[in-house]
Amino acid sequence: MKLPKAYEPKLYEADIYALWEKSGAFQPTNDKVGYSIVMPPPNANGNLHIGHELTSALEDIAARYHRAKGESVLLVPGADHAGFETQSVFEKQLVKEGKSRFDFSREELYSKIWDFVALNRDNFESQLRKMGVSCDWQHFTFTLDKKIVDRAYSTFKKMWDEGLIYRGERLVNYCTFHQTGFADIEVVYKEAKTPLYYLKYGPFELATTRPETKFGDTAVAVHPDDKRYRKYVGRVLEIEGVNGPFSVQVIADEMVDPNFGTGVVKITPAHSFDDWEAGKRHNLEVKRVINHDGTLNHQAGRFEGMTVMEARKAVVEALKEKGLLVKVDENYTNRVGHCYKCDTIIEPMLMEQWFIEMESLAKPAIKVLKEGKITFYPESKKDQLIAYLQGLKDWNISRQIAWGIPIPAFQNVDDPDDWIYDERVGEEILTINGKTYRRDPDVFDTWFSSSSWPYATLNFGEKDSSDFNKFYPLSLMETGGEILYPWVSRMLMLGLYITGEIPFEAVYIHGYVMAEDGSKMSKSVGNVVDPLPVIEKYGSDALRMGIIWGRSAAVNRGYDERRVEEARNFCNKLWNIARYIEDKSNKNSIRGEVQAVTGVDNWILSKLSNVKVNLLTNLDNYNFSEAFEAIYHFVWDDLADWYIEASKSEPNQLLLEYLLESTLVLAHPFAPFVTETIWQTINEDSSDLLALKQFNGILPYDKNKAQEFNEIQTLVSEIRYIQKALKVSKTAFFYEDSIILETNADLIKKLANLGSVKKGSGNLKITNPKFICSLDISSEIADNYASELELKLTKQQAYINQLEARLNNKSYIQNAPADLVKQTKEQLREAKANLISIQIELEKYSV
RNA sequence: GGGUGAUUAGCUCAGUUGGCUAGAGCACCGCAUUUACACUGCGGGUGUCGGGGGUUCGAGUCCCUCAUCACCCACCA
C-alpha cells in the first residue's frame, strides 16, 4: 500500500504547498469568469493569530471553491504598514532599550521602523503558506508600495481640487502620550467614577469634572428658560479664581440641562467638544490651557508645567483654601475617552488638521446600500453601515506620527493660509516663485490609504499587462466586524468616488474567535491561541475545518480544540477511505466503464448528487459551515459507513475510484492538504493537481433502485437495534417473498451482522412496513422485546393522533397546499400499517 | 439616550420565503478487537425552541410586549 496507516500532516504539508506554488496553481487563468478577493492585509510587523486563521480559511475556501467551478480566481495577499499600530509596537521596543520616539527625528524614526518591519515581514508570509492559503504571491502588495502611495496622493489631489479636503482648526481627539490626533472612531470610551466638583463661581454655584481647565473658561452657560439665572444672561462677570479674578460672559444655550447639577455650566471652548460648539455659536474667545505634552501652559499661572491630573489636585486644593469649593460628589460616573493603544485619557485639543468633507462621499454610498447593490452576510450589517454613514462627521486624516505616508502638502512660511499640493515629500522646504514652503510634517491616517485597497491593488484604470484590473470590482470583501466602519465604509465611499463603481459585490463579516470560555482573547490576559502549534499538532486542514465548523457570519464564538480534533479525525477518515479503495484497486484491476450496478451503487450516487447540490448552494451563499457539514456527513455517514461497508459484499471497484475522486474534489476547499496529498500519492503525476480539478458531473443513477437501498438501510437499522436490545448477534433472518431481500441477502447479512438470511419465518417478527420478515430468537430472550414494542406502540399512537387531528381539521384540508395534505394522508396510512404490525407482534407476548 | 443581534438538548451552535414526529458536533451510557480507519464501528435519549399575548388550518420561524445578555453608535457639564 502506498498510503501509510494514519495521515500525518507534518510529513506532507510543506511539500504540497511548494508543489502548488511551483505549478502556478494560484494564478488566475485569465480566460474564464473572474472571481476575486483581496485579503485584508495583516499588520506587517507581527505574527498571525487565530483570527487570521479564520479569515484566511474563509477566503481560501471561497477561492478554491470557485476554482473548482471552473472560474479564473485571484486571491491577493498583502501586508499593512498599519501606521500608528506599528509605531506603537516599535515604541514599546524603544522603551525597553531606554529610549523614546522623541529621541529621533520623524525621518530617522521612519527608517528605523522600516527596518523593523522588514525583519518581521517574512514571518507572516510563511504563516499564510502554512495555513494553505491559495493566494497569488506574485501579486503581493504592501500598503507602502509605490502604487498604493501614488493612489493615496492622486486621491488626495482629486479631493483637494474638488474642494473635499480642507484644513481647519478644530478640536481633535488627542493622545498626550503618543502626541497625535485620532479620528472619532479610534477613541475608546470607558465608564469611570469622576469626582464632580461644585464650585463657587461668581454669583453662581456650578458643577464640573475638570476644574483644571478653569483657566480656559471664557463663558458660563445657563438654559434660556431658566428663571433662576435669567438676570445674568448677556452680562460679563468678574469671577474670583485661584489665580485671582477673571472675566466671563454669561450665555443662554439649549445645550444646558437645567436639572443637572446647578443648571450652570462653565464653558471652555479650547478643551471640550460641546464647549467648542457653544463657543462657535456665541463667538466666544478660545483660550488654550493644555500643551501637546499634556501639561498646563502659562494661562494656568502658578500651575504651569503640571500635568492635567497634577493640576486637578492642586487646583482643587487651592479652591478649598480660598473657600471656593462647595462640595464634591465622589459617586458621579461619566464616560471618558481613552487612547485605544496606551489608555491615556484623550484630550480634546485645538489643532490644525486636514479634514475630508464626508457628506458628499457618504451620499452615493448610502444610495447603493439602500438599493441593495451589495449583498451583506449577515444582512443586518448593511443597515448598520447605512446608519453609520448617515451620522458621519468630517474625517480628520492628519496624524502626528512618523510611520506612514507623508501628506503631500506644503505651507507658505510667510502666509499660513497659503497651502500647495506637491508630491515632493522627500523635501522639507520647497521654493516656488520666490516663496518658501515648508512640508506638513504629518502623515495620513492609515485608513485613508487603505481605503483605496480594492482598486489600487487591482490597478483599476491603468494599463496592465497582466490584465488584473479586470478583476475589479471584487467578488467578495471578507473581513471582521471591527473594521466595518473604519475600513469597509471608506473603501465603499472612495471606491465609488474614484472608480465610479461599487468596489465589491458582497461583504462577508466574520465573528471573532473568542477564548475557549467565551471571553475575548487578549495578550495581556494570556488566553490567546497561537495557530502554529495547533497546525503542528493536528495539521493545517484540521485547524481550518475546526475553526469554521459551526461558525456563522458575524457570530462570536469560542475557540474549541475538540472541533479541531474532530476535523483531524475527518482527515484521517478521508485518508483511510482512500487507503481502502487503493488497496482494492491493486487486488482487482478490472477496467471497463464505470456505472452503477446494484441498489447501493445507485443510492450512493443519489447521495453524491445531493451533497454536491447542497455544497454548491451553501457556498454560493457563503454558508461555509453548512457546506462543510454536508461533505462531512456524506464522507463519514454515507460513503464510509454504508457504501464502503456494502462494497465489501458487492464490490464495484471502478465506482469506488470514481467516488473517491469526486469526494476529494468536493472536500478540497475545506481540506486542501490531505485531499491533494491523497491525490498525489495515488496518482504519481505531479502535474495533475487536485487544486485545479473541477467538479465533475454525477453519473446517471436509478432513483427507484436508490430508494430500494434506503429501505434496506431502514431494515438493517431495525435489525441492529433489536439485536443490541436483546443482546444477541448473528441471528438467523427470514423473509417472505421479497425480490429485494432475496437479491440483497448477502448485503443484509453483512450489514446487519446476521448469522444467515433465508426465505421462511422466525419467531420474532420485525415490524417493518415495507417487508414481511423475522428473526429466529429463542422465546425467553424475545420476551424482553415486549417492553421495546410497547414503547414503540405508544410513540406510534401519539404520532397517529397528531396526524388524524390535522386531517380532521376542515380548515387544514381547505387551506393547506394539496400536496401537503396528500403527504399527510400517506403518512397516516403508513403509520397505521406500522401500528398494526406492532400490535400483532405484541399480542404474542401478552399470551 | 439611540441602534443591532442573541435567548433552541448538559455544552457550543444550525434551523434560508411559516408546513414531513425540531437538528449537528461534543459530552454521556452500553456493546464490539469483523483484514480502510480506536484519529474506529454499532446501538441509545435528551428539548413547555427565554416569559406572556396575537395573526394563521398550522409558529422555533411573522407581529406586539416583557425579561436577561452581548456588541455597536452618540456622548452631559
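A note on names: the letters A, B, ... follow the listed sequences, proteins ahead of strands, and every chain is numbered from 1.
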According to ring pair (Phe, Tyr, Trp, His ring centres under 6.0 Å), who are the partners of Y721(A), at least two apart in sequence or on a separate chain? none
Is K648(A) close enough and on-axis enough to Y580(A), meaning under 6.0 Å and within 45°, for cation-pi? yes
Considering only the C1' atoms, how many Å lie between U16(B) and G54(B), rounded to the nearest integer? 25 Å
In whole angstrom, what separates R568(A)'s CZ from A38(B)'s P? 12 Å
Report which part of the nucleic acid S625(A) touches: base, sugar-phosphate, or nothing (heavy-atom distance under 4.0 Å, all strands). nothing
Output the single nucleotide from G5(B), C39(B), A36(B) whose closest atom is nearest the side chain of I577(A). A36(B)
With rounding to the closest Å, how many angstrom separate the P atoms on U61(B) and G2(B)? 26 Å
List the residues meeting ring pair (Phe, Tyr, Trp, His ring centres under 6.0 Å) with Y377(A), not counting sequence neighbours, and say none if there are none. Y622(A)
Restricting to ring pair (Phe, Tyr, Trp, His ring centres under 6.0 Å), what partner residues turn up for F628(A), sequence neighbours left out? W549(A), F570(A), Y632(A), F670(A)
Are side-chain N/O atoms of N334(A) and T194(A) paired as donor and acceptor at under 3.5 Å? yes
Taking only Lys NZ, Arg NE, NH1 and NH2, and the carboxylate oxygens of Asp or Glu, determine whether R563(A) and E566(A) approach each other closer than 4.0 Å. no
Between A24(B) and C37(B), how far is it from one P atom to the other, in whole Å? 27 Å
Rounded to the nearest angstrom, tell me the gap between atom CD1 in I722(A) and atom C1' in G44(B). 15 Å
What nucleic acid atoms does A640(A) come within less than 4.0 Å of, heavy atoms only: base, sugar-phosphate, or nothing? base
Roughly how far apart, to the nearest Å, are U7(B) and G51(B) at atom P? 12 Å
Determine the contact category for D275(A): base if any of its heavy atoms lies under 4.0 Å from a base atom, sugar-phosphate if only primed atoms, P, OP1 or OP2 are that close, otherwise nothing. nothing
Give the rounded distance in Å between these two atoms: CD of E718(A) and P of C42(B). 17 Å
Indicate, with a heavy-atom threshold strictly under 4.0 Å, whether N556(A) touches base, sugar-phosphate, or nothing. sugar-phosphate
Nearest to side-chain heavy atoms of K724(A), which nucleotide of C37(B), C31(B), G44(B): C31(B)
The contact string for nucleotides 53-62 of chain B, one letter per nucleotide 5' to 3', using protein heavy atoms under 4.0 Å with B, S and - for base, sugar-phosphate only and none, comes out as ----B-----
Will you find, in the side chains of R579(A) and N576(A), an N or O donor that is under 3.5 Å from an N or O acceptor? yes
Considering only atom P, compute the distance from A74(B) to G3(B) and round it to an integer number of Å. 15 Å
Donor-acceptor pair under 3.5 Å, E645(A) side chain vs A36(B) base: yes
Whole-angstrom distance between C28(B) and A22(B), as gauged at atom P: 27 Å
Atom CG of L751(A) and atom P of G41(B): how far apart are they, to the nearest Å? 15 Å
Nearest to the side chain of R720(A), which nucleotide is it out of C39(B), C13(B), C42(B)? C42(B)
Sorted by chain and number, sequence neighbours left out, salt bridge (charged side-chain N to carboxylate O under 4.0 Å, His left out) with K327(A) holds for none
Apply side-chain hydrogen bond (donor to acceptor under 3.5 Å, both in side chains) to K382(A) and list each qualifying residue two or more places apart in sequence or on a separate chain. none
Is the distance between the ring centroids of F204(A) and Y229(A) under 6.0 Å? yes
Need to verify one output field. Residue with the more 5' nearest nucleotide on RNA chain B, Y721(A) or A387(A)? A387(A)
Are K10(A) and E8(A) within salt-bridge range, i.e. N to O under 4.0 Å? no
Pair E330(A) + K193(A), salt bridge at N-O below 4.0 Å: no
Tell me, please, which residues at least two apart from E205(A) pass salt bridge (charged side-chain N to carboxylate O under 4.0 Å, His left out). none
Using ring pair (Phe, Tyr, Trp, His ring centres under 6.0 Å) as the criterion, list what pairs up with Y559(A), not counting sequence neighbours. none
With respect to the side chain of Y485(A), which nucleotide from A36(B), C73(B), A14(B) is positioned closest? C73(B)
Assess whether one donor atom and one acceptor atom, taken from the side chain of K648(A) and the base of A36(B), lie less than 3.5 Å apart. yes
Report yes if at least one side-chain N or O of N753(A) is closer than 4.0 Å to OP1 or OP2 of C42(B); otherwise report no. no
Think K573(A) has a side-chain N or O under 4.0 angstrom from the OP1 or OP2 of G41(B)? yes
Rounded to whole angstrom units, what separation is found between the CD1 atom of I719(A) and the C1' atom of G43(B)? 14 Å
Touch class at under 4.0 angstrom, heavy-atom based, for V264(A) against every strand present: nothing
Round to a whole Å and report the spacing from CD of E379(A) to P of U17(B). 11 Å
Scan nucleotides 74-76 of chain B against the protein and return all N/O pairs shorter than 3.5 Å with their distances rounded to 0.1 Å.
unit_1, atom_1, unit_2, atom_2, d
A74(B), N6, R335(A), NE, 3.4
C75(B), OP1, K393(A), NZ, 2.5
C75(B), N3, R335(A), NE, 3.0
C75(B), N4, R335(A), NE, 3.0
C75(B), N4, R335(A), NH2, 3.2
C76(B), OP1, D274(A), OD2, 3.4

Of all residues at least two apart in sequence or in a different chain, which pass the salt bridge (charged side-chain N to carboxylate O under 4.0 Å, His left out) check with D560(A)? R562(A)
Pick the P atom in U46(B) and in G10(B), then give their distance to the nearest Å. 11 Å
Protein-nucleotide distance (R579(A), atom CZ; U40(B), atom C1'), rounded to Å: 13 Å
Answer yes or no: does a side-chain N or O of W636(A) lie under 4.0 Å from OP1 or OP2 of G41(B)? yes
For C62(B) and C20(B), measure between their P atoms and round to the nearest Å. 15 Å
Euclidean distance, atom CG of residue L574(A) to atom P of C39(B) [Å, nearest integer]: 17 Å
Choosing from C39(B), C72(B), A38(B), which nucleotide comes nearest the side chain of K5(A)? A38(B)
C71(B) phosphate, OP1 or OP2: any side-chain N/O from K520(A) under 4.0 angstrom? no
Distance-only side-chain donor-acceptor flag, Q823(A) / Q827(A), under 3.5 Å: no
Base, sugar-phosphate, or nothing for L206(A), non-hydrogen atoms under 4.0 angstrom? nothing
Consecutive Watson-Crick or G-U pairs in runs of at least 3, all under 3.5 Å, in which RNA chain B is involved: B:1-7 with B:67-73, B:10-13 with B:23-26, B:28-32 with B:40-44, B:50-54 with B:62-66
Would you call E254(A) and R281(A) a salt bridge, using N to O less than 4.0 angstrom? no
Could you write nucleotides 20-27 of chain B as a row of B, S and -, 5' to 3', where a protein heavy atom under 4.0 Å of any base atom gives B, of only sugar-phosphate atoms gives S, and otherwise -? BB--SBS-
